[in-house]
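Data block below; observations after.
These numbers come from the heavy atoms of this one structure, side chains and all, not from hydrogens, waters or symmetry mates.
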Amino acid sequence: MAKEFKPKARLPRGLVDRTGAELSATRAMLEKIRAVYELYGFEALETPAFEYTDALGKFLPDLDRPNEGVFSLKDDDEQWLSLRYDLTAPLARYVAEHFEQLPKPYRSYRAGYVFRNEKPGPGRFRQFMQFDADTVGAPSVAADAEICMMAADTLEAVGVPRGAYVVRVNNRKVLDGVMEAIGLGGDENFGRRLTVLRAIDKFDKFGVEGVELLLGPGRRDESGDFTKGAGLNQRQSAVVLAMLTGKGLRATDVGVEVELDGDVELAAALASNSAFLEGMAELRDIAALVGAAGYEDRVKIDPSVVRGLEYYTGPVYEAELTFEIKDEDGRPVRFGSVAGGGRYDGLVARFRGEKVPATGFSIGVSRLLAALAFLGKMEAAPEVGPVVVLVMDKEPHRLADYMKMVADLRANGIRAEMYLGGGGMKPQMKYADRRGAPAVIIQGSNEKSAGEVQIKDLVEGAKIAASIADNAEYRAARPAQFAVKEADLVAAIRDVLERRAAPTLGLAD
């Protein structure tokens, strides 16, 4: 006889199970984020986890199976489907599909899991949650300024104090203009541009000297590891560093002044570059808008912000937490980015063949939760379970009595359940303890005859038990257990729960 196959219970790599306290904390945080988005006038949208692969845009099927970055399958109609890798590409598809019916600008928010077919690692998962907000159909940078202000308000709403974060803003047009001015425009220079932009992204970490090395010959770190540079000459590097430090560049009411230590040729190339000038003007306008609204200390222009080389077309921004944590080697480092986004005027155009302006940002939910835990803003205690009605008599008419108690509690907004297992008193009490129940309700034949129930406050009982050393004394004391009339059950349980900080223990708001 063949041996029965038993699959091994195991979690796939790059995925994680989440339970109790973390889910409760996530739910509470999402509601706070949702409240801010709706305060700004954004409306909810939900798109499916699967999209046609060609609609995602970033990873198109060029092999028998399109598996570069996305999880894909072929439908029975021979069409490739893929799990979404972000929430922006599905929004672009939705807007293009319903373009004529939607109000423009169209303001929406979306929360959900996204999926990456990438090699997992520490803190790098194949499934994770994002919470996005986007404005589609607004060409003005006022939409970008509003998104940045909303990001600041959202962080404060979930518990990040003012001064512990900054929303940093740059513009891809400025970066593109600089690349063109130093001779790195065009598709043929994509690789070198990428190396330059990665060097710019390290400005906060390595400073001017470190970035200058990465722009030029390369940089060797303290461990001896060498990072190859972009190979720029001194003149080219000077332009990039001028942009980063602001030395030699100044936005004015009538344009941009450029002085590059006597390098008249490159200064003229930059000062006449239309993309650079347009980007600088947009940053100036954003700074004026956030300043007028009182956000100038929370939203700041920062030329080192580099994001989304493949589809961002204008302002880009990152919400960064500025407090320090310890890295793997015990060294202090900033916590870093928890949200980011920018303007992507070409994404909806893929479907419609015409430019459709759009801007938005995405919050990394798990990373923001980790930040809140570090700040002590996330409740780490196990989720409080339901009140448990113990089953002391399994006769059908008695089961009906217990079920009625549960129904009465639920009808009054109190989380409750009847024990449905097969064990006796001891297993039932063990079950209630494992469920985190704040109280249990006991009614045997004696209590039923007297028209009463016994209520055992498990939280208070645990406190009292800790102070009683003798087992006989404990049994005699029956700590935190008391009798009430059946008619007073709901009021008595409510009183127990209200002493435990009501809403978190199951009481209806």
| task | Give the intermediate values and the outcome of side-chain contact (heavy atoms from CB on, under 4.5 Å) for residues V174 and M243. | result | CA-CA 9 Å; V174 172; M243 178 198 68; 3.8 Å; yes
| Does Q130 reach the side chain of D86, with side-chain heavy atoms less than 4.5 Å apart? | yes
| By side chain to side chain contact (heavy atoms under 4.5 Å, CB included) - contacts of P12 (at least two apart) | L15
| task | Can you measure from CG (L368) to CD1 (I33) and round to the nearest 0.5 angstrom? | result | 5.5 Å
| Considering all heavy atoms of both residues, which atom of R352 and which atom of E354 are nearest to each other, and what is their separation? | NH2-OE2, 2.7 Å
| query | Taking C-beta and beyond as the side chain, do L83 and V70 meet within less than 4.5 Å on heavy atoms? | reply | no
| Under the side-chain hydrogen bond (donor to acceptor under 3.5 Å, both in side chains) test, which residues partner R116, sequence neighbours left out? | none
| message | Going by side-chain hydrogen bond (donor to acceptor under 3.5 Å, both in side chains), name the residues that satisfy it together with D201, two or more places apart in sequence or in a different chain. | response | none
| Where the side chain of Y344 meets the backbone of G314, is there a donor-acceptor pair that is under 3.5 Å apart? | no
| task | Indicate yes or no: at least one non-hydrogen side-chain atom of T359 is less than 4.5 angstrom from one of P315. | result | no
| task | Report the residues that fulfil side chain to side chain contact (heavy atoms under 4.5 Å, CB included) with R168, sequence neighbours left out, ordered by chain and then residue number. | result | V166, D204, D302, S304, V305, E318, E320
| query | Taking the side chain from Q454 and the backbone from Q481, do they hold a donor-acceptor pair closer than 3.5 Å? | reply | no
| said: If I compare all heavy atoms of P357 with all of R343, which pair ends up nearest, and what's the gap? | reply: CB-NH1, 3.5 Å
| said: Are F99 and V356 packed together at the side-chain level, in the sense that at least one heavy-atom pair is separated by less than 4.5 angstrom? | reply: yes
| said: I'd like to know if the side chain of T322 and the backbone of A164 have a donor-acceptor N/O pair within less than 3.5 Å. | reply: yes
| note | Contacts of E146 meeting salt bridge (Lys or Arg N to Asp or Glu O under 4.0 Å) (sequence neighbours excluded), chain-then-number -> R107
| note | Sorted by chain and number, sequence neighbours left out, salt bridge (Lys or Arg N to Asp or Glu O under 4.0 Å) with R410 holds for none
| How long is the gap from CG on L347 to OG1 on T313, to the nearest 0.5 Å? | 9.5 Å
| request: Determine the minimum heavy-atom distance between G137 and P105, stating which atoms define it. | output: O-CG, 3.9 Å
| task | Any chance you could lay out the salt bridge (Lys or Arg N to Asp or Glu O under 4.0 Å) test for E46 and R84, step after step, and finish with the verdict? | result | CA-CA 12 Å; E46 181 176 284; R84 62 192 180 196; over 6 Å; no
| Measuring from D132:CG to L87:CG, what's the distance to the nearest 0.5 Å? | 4.5 Å
| said: Could you work out, with salt bridge (Lys or Arg N to Asp or Glu O under 4.0 Å) as the rule, every residue matching E43, not counting sequence neighbours? | reply: none
| query | Measuring from M29:CE to T154:OG1, what's the distance to the nearest 0.5 Å? | reply | 10.5 Å
| query | Can S108 and R110 be said to form a side-chain hydrogen bond (donor to acceptor under 3.5 Å, both in side chains), step by step? | reply | CA-CA 7 Å; S108 74; R110 298 154 321 283; 2.9 Å; yes
| query | Got a sec, which pairs hit side-chain hydrogen bond (donor to acceptor under 3.5 Å, both in side chains) with one end in residues 430-441, sequence neighbours left out? | reply | E417-Y431, E417-R435, Y431-R435
| Should the pair E78-K74 be classified as a salt bridge under the 4.0 Å nitrogen-to-oxygen rule? | yes
| field | Nearest heavy atoms of A437 and V388, plus distance in Å | value | CB-CG2, 3.9 Å
| For Y165, all residues meeting side-chain hydrogen bond (donor to acceptor under 3.5 Å, both in side chains), sequence neighbours excluded | E156
| said: Do the side chains of E51 and R93 get close enough for a salt bridge, i.e. N-O under 4.0 angstrom? | reply: yes
| remark: Rounding to 0.5 Å, atoms OG1 (T135) and CD1 (I147) come to a distance of 4.5 Å
| request: With the side chain counted from C-beta on, respond yes when V440 and L458 share a heavy-atom pair under 4.5 Å apart, and no when they do not. | output: yes
| task | Can you see which heavy atom on M418 is nearest to which on Y402, and at what distance? | result | SD-CB, 3.5 Å
| said: Please evaluate residues V136 and L91 with respect to the criterion side-chain contact (heavy atoms from CB on, under 4.5 Å), reporting the C-alpha separation (whole Å), side-chain torsions for both, the decisive distance (0.1 Å), and the verdict. | reply: CA-CA 9 Å; V136 180; L91 171 67; 4.1 Å; yes
| task | Go through the structure and list residues passing salt bridge (Lys or Arg N to Asp or Glu O under 4.0 Å) with E38, not counting sequence neighbours. | result | none
| field | Charged N-O contact under 4.0 Å between R162 and D297 | value | no
| task | Tell me, yes or no, whether the heavy-atom count around Q79 atom CD, taken from other residues, nucleotides or ligands under 6.0 Å, exceeds 12. | result | yes
| message | With a sphere of 6.0 Å drawn around NZ of K355, does it hold more than 12 non-hydrogen atoms of other residues, nucleotides or ligands? | response | no
| message | Contact between Y295 and D153 at the side-chain level, heavy atoms closer than 4.5 Å - yes or no? | response | yes
| Verdict with supporting geometry, R193 and D176, salt bridge (Lys or Arg N to Asp or Glu O under 4.0 Å) | CA-CA 9 Å; R193 281 202 306 275; D176 291 344; 5.7 Å; no
| field | The single option from V169, I286, N171, L283 passing side-chain contact (heavy atoms from CB on, under 4.5 Å) against V141 | value | I286
| request: Could you give me the CA-CA distance, side-chain angles and deciding distance for K173 and E282, then say whether salt bridge (Lys or Arg N to Asp or Glu O under 4.0 Å) is met? | output: CA-CA 9 Å; K173 294 174 185 176; E282 289 178 354; 2.7 Å; yes
| task | Determine, using ring centers only, whether F323 and F335 are less than 6.0 Å apart. | result | yes
| field | Over all atoms of both residues, closest heavy-atom pair of F71 and R126 | value | CZ-CD, 4.0 Å
| Between D75 and D77, is there a donor-acceptor pair closer than 3.5 Å when you use the side chain of the first and the backbone of the second? | no
| How many angstroms lie between atom CZ of R198 and atom CG of L214, to the nearest 0.5 angstrom? | 11.5 Å
| Quick one: are K456 and F482 in side-chain contact, heavy atoms under 4.5 Å? | no
| field | Counterpart residues, side chain to side chain contact (heavy atoms under 4.5 Å, CB included), relative to A133 (two or more places apart) | value | Y37, F42, Y109, M150, F361
| message | Taking the side chain as everything from C-beta on, heavy atoms only, tell me whether D401 gets closer than 4.5 Å to L399. | response | no
| message | Going by side chain to side chain contact (heavy atoms under 4.5 Å, CB included), name the residues that satisfy it together with A491, two or more places apart in sequence or in a different chain. | response | none
| task | For the pair N117 and Y85, evaluate side-chain hydrogen bond (donor to acceptor under 3.5 Å, both in side chains) and give the outcome as yes or no after the intermediate values. | result | CA-CA 9 Å; N117 189 1; Y85 62 84; over 6 Å; no
